[in-house]
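Chain letters run A, B, ... following the sequence lines, proteins first and then strands; every chain starts at 1.
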Amino acid sequence: MSREIGEVILDLKNVSLAFGGVKALTDISFDVREHEIRAIIGPNGAGKSSMLNVINGVYRPQQGEIILRGKHFSKMNPYKAARAGISRTFQNIALFKGMNVIDNMMTGRNLKIRSNLIQQALWWGPARREELEHRAKVEEVIDFLEIQHIRKTPVGRLPYGLQKRVDLGRALAMEPSILLLDEPMAGMNVEEKQDMCRFVLDINDQFGTTIVLIEHDMAVVMDISDRVVVLDYGRKIGDGLPDEVRANPEVISAYLGASH
Amino acid sequence: MSTANILLKVNSIEVIYNHVILVLKGVSFSVPEGGIVALLGGNGAGKTTTLRAVSNLLRGERGEVTKGTIELRDERIEALSPAQLVRRGVIQVMEGRHCFAHLSIEENLLAGAYTRTDGKAAIAETLEKVYTYFPRIKTRRSSQAAYTSGGEQQMCAIGRALMANPRMVLLDEPSMGLAPQIVDEVFTIVRDLNQKEGVTFLLAEQNTNMALRYADFGYILENGRVVMEGAASELAANEDVKEFYLGLSSAGRKSFRDVKHYRRRKRWLS
Amino acid sequence: MLYRENGQFKTSYAADQQIFPIAQDRWAILGILVFAFIGIPLLGDEYLMRAILIPFLILSLAALGVNILVGFCGQITLGAGAFMAVGAYAAYNFHIRIEGLPLLVSILLGGITSALVGIVFGIPSLRVRGLYLAVATLAAQFFTDWVFLRIPWFTNNASSGSVSVSNLQIMGWEIITPFDKYMFCLVWLTVFALLAKNMTRSAIGRQWMAIRDMDVAAEVIGIRPLFAKLSAFAVSSFFVGTAGALWGFIHLSSWEPAAFSVDRSFQLLFMVIIGGLGSIMGSFFGAAFIVTLPIALNQFLPAIGGLFGVTISTAGVSHAELIIFGSLIIFFLIKEPHGIARLWSTGKEKLRLWPFPH
Amino acid sequence: MGFFIETLIGGLMAGMLYSLVALGFVLIYKASGVFNFAQGAMLLFAALAMARFSAWIPEWLGIDSLWLANVIAFFIAGALMYLVAWLIERLVLRPLVNQEGATLLMATLGIAYVLEGLGTSIFGTAIYKIDVGMPKEPVLILEGIFEGGLLINKEDFVAALIAAVLVALLTLFFQKTVTGRALRAVADDHQAAQSIGIPLNHIWVIVWFVAGIVALVAGVIWGSKLGVQFSLATVALRGLPVVILGGLTSIPGAIIGGLIIGVGEKLSEVYLGPMIGGGIEIWFAYQLALVFLLFRPQGLFGEKIIDRV
C-alpha cells in the first residue's frame, strides 16, 4: 500500500464534556495522524458519538482543546470544522429526506459555491457555471460509490444500506481531509459490510483522507484500522494498535466479553 | 415442521406502500409454537415490512397488504388492529427500540400492560418477572428512558412487550447499534424466555451470525422474496450463506481488508 | 404510452439540469404560457379577470413566497398576511411621498421593505422551532394589524388605515382595465416564478431544504443556519410583500388593514399546503383551488338548493360555505397530505409506467 | 398602589381564563401531536350549545328551575362534545395518522370552519346569554390595608376557582391513572404505543373529549361574563401566546403562562396603552411570549427537546 502515515494533524487534549451534570467525556486526550484510519470503540453510552460531536463542533466541551494542524480551537463550531476540511456521517443517517440523491450530495459542495443569491435567482453567469462544475464533481463521487442507478431517487425511498452510502457520498462531496464515520456499518450484513469496508479503504487509499471511525464490529475494526482507542463510561481505557487493544485486559472485561 | 403446532402462517403476501411501491412480492413462511424463527437478509430485503404486516403496523406508514393471507392459529388476522393482536398474544418490538422518551423505565414497562385485564397483582408479578430477566434495567427503573443507553432501551422495549404476557414476540433488529457484549446478553435472554416461558419469537436480524446461533429455523429474504429457508444449522452450513452473510470462505474468515474489488454472484440469483 | 422519456438521452449535465427535463413537459408549459398570454385575453371576459384571474395571479405570487419559507425552508408561518400588508403600505408610502417614482420601483421598494421586516421577524427562528415559531409569527401579524390601524403616519393620516391609489402607469401604459391589470400581473408572476424556480434549484435552495430536513446535518456540512433561515425569510417576505403591493395597487386600488388580516395568512398557508409544500407548481395549484372554491360554492349552492326545492338564505349559504370549505380542506389533506402537486407527480409517474404498473 | 393591585388582580383573573383555553391546546397537543386551531371553534360551539339548550330546555320540559335546566344543558352540551370528539377522530385524525405537524394543523383549521358553520347554522348567530347564577356584584376587600380598598369581581373569583379545580383534576388524571399513563405514552411515540396495544383511536377520542369539556367550561365562564357570540371563537388566538409561553406540553405551563399573559396584558393596556395609542394587548401578549421564547425556546415549562445526533 502506497499511503504513508504522516504527522499528527488532529489532537484532542484533556477534553471533558457534561450534559447538565452528567459526564459524557472525562479528560480524554487522543490524536489522529494524517492518512491513518483511527477507530473508536466502546460499549453503548461510552461517549463515542459525543467524541465525534466534539471534534466537529456540534458539542462544546467544558474543558480541553482541539488542535487541528497546529491551530488551537477552544471553541469549535460545525461551520468552522467544515471549513477546516472535516466532514462526517451520522449514526442514524441524517440525510435530507425531501431531496434526491444528487441534491443531497450537492449540498456537500455548499462551501465551495461562490455565486450569490441574485446570480442564482437569475441562473446566470457564475451561478450556472458553478452548478455544472459541482455537478460533475458530484458525479465522480457517485461513480466512486456505485450509486449511479439511484441518482434521481428521493433519499427517503432508498433502503437503509443505500442511504448509508449516500450519507457517505455527501460527506465525500466536501472533499474532506478528515472524515468522521459514525457507525457506518451498523445494521448491515456481512456482504454490505464488505462493500462499506472497501469504500472506506479506497477513500483512505486513493484520496489520502484521514478517517476516524466508530464501529461495533470488532472484526471490521481489527482488520481495517491502524490504531484503536477504547472508551468506557466517557473514559479512555485503551489506545494503540489493534492487536495491543485486543490483548488489553481492561478492554476485554469492559467491552469484548470472554467469547471474543 | 409438522403442521399441527403452527402458530403463525404467512401465505404469499404482497405489500405496497403509497399505492405504488411494491416491497413484498409474495412472502410465505410459518412459525411453530414455541420456536425461534429468524428472517434474515440485507437492508431493504423486506424483513421489517414483513413484521409490520404481521403486527398490522403498516397502515401508519401508508402501506397495505394487497395479496395473500396471514393466519394466527388458523384465524385470519390481516384486518385486526394492533391492539386486537396484542390481546391475542402477538406483540412487536420495533426496530430502533422506540421507548417512551419522557416516561421512566418503570412507567414504560407498566404502559406495556395496557391491554391486561387480570388485575394489578398479576401485573406487579409480571413486572417482577421482567426485572429478574433484566436486572440491568431494574437499577434504572426511575430514570427517564431517553437518558438510558441503547442497550438499556432495547431491554426496556423487550421488557415492555413482555408485560403484555405475549405468546409471540416479533423482534425487529434487536442487535442494531448495540455493543457485542450487550447483543450476547439480549440474545441469551431471548433464548431463556423462549425456553422457560415458552414465548415464540419471530425475529428480523441483520446479524446473521448471532441469529443463526439462537434461532431454530431461518428464512433468507432478498428483494421482497424468500430466497432460501432451512433449519438454522443447515443455513449456517450452506456455502452461499457462509460467504455472503457470515463472511466466511472455505479458507476461514476472510479479512475485511482483503475484500476483492469485484464480487461473485450469488448462486440463487443466477 | 405517449408520456415517456425514453429516447431522450441527456448528453450533458446542462441538459439534465433544465427546469423541465422531459420534452413533453416543456411543450405543455409552453402551451399554458401561450394560452395565458394570448388565449385568455382573447376569450376571457372582465368578470373572469377581475374576480378570479387577477386574484389568482397575485395570490399565486404570495403563495410562492410562503412556499419558499414554509415548503422549502421548513419554517411555518402564520403571519404571511402581515408581510402583504407591509409590502402594500410601504409601496403606498413610497408612491405618494416620492414625487414621480415609477410604479415598478414603488412596488419593488415595497417588497424590499417587506423583506427587511421579514428578516427582523425571522430572527426568532434561529432559536425557536416548529409550532412555537408558527405561533411566534402571529406576533408579526397582530403587530402590523395594529401599526397600520393606529399609527396615522403610515397611512398618510387616513382614518382607520384606509388608503387608495390611482393613476397607475408604467412608461405611458396606463393600467386601468381588467385586461391591463391581468397582463401586468401575469408578466410579473411569470418573471418571479422563474426566479423562484431558479433559486430552489440552485445552491441557496439546497441550503433551505437542508435546513428544513435536518438542521444539524446541514450545519455539519457547512451551511450556516443564520444565513439560510434569514435569507429564506427575506426572499419569502419580498415575494409576499410585492404580492401585497399588487393586491393593494392593482386589485383593490383602495384598501384597509383588514385586507391583510390573519385570515389572509391562513388562506395563504392553506394554498401552499393543499397545493404542495416545497413545490413551485403546487403554489399555483393551491392558489387556484382556494380562489375558485368559495366562488364556486357561492354560485352553486343556491342552485343546488333550488334543485331540491329549498331556498337557502344568504346567511345559510355563508354557513354552508364554511362547512363545505372546511370539509373539502380536510378531504384533500386526507386524500393527499402532500398536496395537489404530489397527486400530479404520482399521476405522471403512473402515466410513465402505464400500462404496466410496478 | 391600590389601583395597581386591582389591575394586577384583574389580570390574574383574566389570565385564569386564558389558561383554560391554553389547557385545551396542551391536552390535545400532548396526546395526539396536533396543534389544534379548532380549540376556539370548539369553545364557541360548546358555549352556543350550552346557551341555547339552557334556554330551550325549560320550554321543552316545562321546568322552572334554572339550576336544573343548566345542569341538563351542561350534560347535553357535554354529550355533544363527545360526539364532536368521536367524529373528529373518525373522520379526520384516523385517516391522517402519522402525517406532519403542518398538515394536521391545517386539518384543524378545516375542523374550525366546519364547527363554526355548524354551530351558527344549528344554534343561530345572535348574541346569547348564559346565566348559571354566577355572582355578578363586585366586592370590596382589604379596605384596612389600601385606601379605598380593592374592588374585586366575585364572578372572576369563582371562575378562577373552577379553573383551578379543573386543572388539579386533570393533573391527577394524567399522572395517576392507567389511561393517563397511556395518554402520555401516546404523546411520546404514537407507533410504539400502538405496537404495545394501546388503541390510538380510543385514546384520541378521550383526549379530544376532555379538551371539549375544558372548552365547555371555559365557554360557560366566558359566556356568562360576556355573552355568547361568534367572536368567542377568536378567544383561541388569545390563548396561543399562553401556550407557547408556558410550553406546548406542560399543563402547569398553561396555568402559569396564562397568569403571566393576563397580568402583562392588563398592565400594558393600562400603563403603556395610553402612551402609544391603545389596543395593544393582543400583540403585546405575543411579543411578551416571543421574548420569553428567545430565552427558553421550548417555553417556560416545555419538556426539553431531547434529540441525539
Side-chain angles (χ1 to χ4, degrees), chain B residues 51-52 55-63 80-104 106-117 120 123 144-147 149-150 153 156-157 159-166 169-170 172, chain D residues 26 29-34 89-90 93-100 103-104 174-206 247-253 298-299 301-309:
Chain B
L51 292 197
R52 282 175 180 270
S55 61
N56 216 341
L57 286 169
L58 273 180
R59 210 169 304 149
E61 305 275 301
R62 296 180 84 75
L80 297 184
S81 71
Q84 286 168 317
L85 278 166
V86 172
R87 291 212 183 83
R88 282 168 177 71
V90 178
I91 192 161
Q92 177 168 0
V93 178
M94 291 198 292
E95 176 184 345
R97 309 185 272 272
H98 286 271
C99 292
F100 302 122
H102 297 98
L103 270 61
S104 71
E106 184 148 316
E107 281 180 316
N108 262 281
L109 295 178
L110 287 172
Y114 184 83
T115 50
R116 298 269 294 268
T117 48
K120 274 192 175 158
I123 291 173
Q144 268 196 355
Y147 293 112
S149 73
Q153 287 185 22
C156 172
R160 187 176 67 187
L162 292 176
M163 290 298 294
N165 257 348
V169 176
L170 315 173
D172 198 354
Chain D
V26 171
Y29 184 76
K30 249 178 115 74
S32 49
V34 176
E89 191 280 319
R90 247 298 139 79
L93 296 178
R94 194 178 292 189
L96 280 174
V97 65
N98 276 356
Q99 294 303 338
E100 281 157 39
T103 307
L104 292 166
F174 261 93
Q175 293 299 329
K176 299 288 173 201
T177 64
V178 173
T179 313
R181 185 165 56 221
L183 286 173
R184 282 186 295 141
V186 171
D188 255 5
D189 191 327
H190 290 192
Q191 280 214 324
Q194 222 178 352
S195 80
I196 58 170
I198 297 176
L200 287 189
N201 310 321
H202 186 55
I203 294 289
W204 286 341
V205 174
I206 293 178
L248 272 172
T249 51
S250 163
I251 291 179
Q298 71 275 33
F301 293 87
E303 273 149 353
K304 214 163 154 198
I305 304 146
I306 303 174
D307 60 354
R308 288 180 160 188
V309 190

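Considering only heavy-atom pairs separated by less than 4.5 Å from chain D, the leading option among B:A113, B:A164, B:P82 is B:P82. If you tally non-hydrogen atom pairs under 4.5 Å between each of D:T179, D:L200, D:D189, D:N201 and chain B, the highest count goes to D:D189. Interface summary for chain D: among B:R97, B:M94, B:R87, B:Q84, the most heavy-atom pairs under 4.5 angstrom belong to B:M94.
In this structure, no portion of D:A187 lies under 4.5 Å from any heavy atom of chain B. Proximity to chain D (any heavy atom under 4.5 Å) is shown, for B:L110, by both the backbone and the side chain. Within the 4.5 angstrom heavy-atom criterion, no atom of B:S81 approaches chain D. Looking at D:H202, the atoms closer than 4.5 Å to chain B (heavy atoms on both sides) all sit in the side chain, from C-beta outward.
To the nearest 0.5 Å, the span separating CG on B:L85 from CD on D:Q194 amounts to 11.0 Å. With rounding to the nearest 0.5 Å, the separation of NE2 in B:H102 from CZ in D:R184 is 11.5 Å. Here D:I196 contributes atom CD1 and B:L162 contributes atom CG; the two are 12.0 Å apart, rounded to the nearest 0.5 Å. B:Q92 CD to D:S195 OG: the interatomic distance, rounded to the nearest 0.5 Å, is 6.5 Å. Note: D:D188 CG to B:Q144 CD = 8.5 Å, rounded to the nearest 0.5 Å.
Put simply, the side chain of B:R52 reaches to within 4.5 Å of the side chain of D:Q191, judged on heavy atoms.
Nearest heavy-atom pair across D:A185 and B:A111 is CB-CB, 4.5 Å. Across every non-hydrogen atom of D:P199 and B:Y114, the tightest pair is CD-CE2, 3.3 Å.
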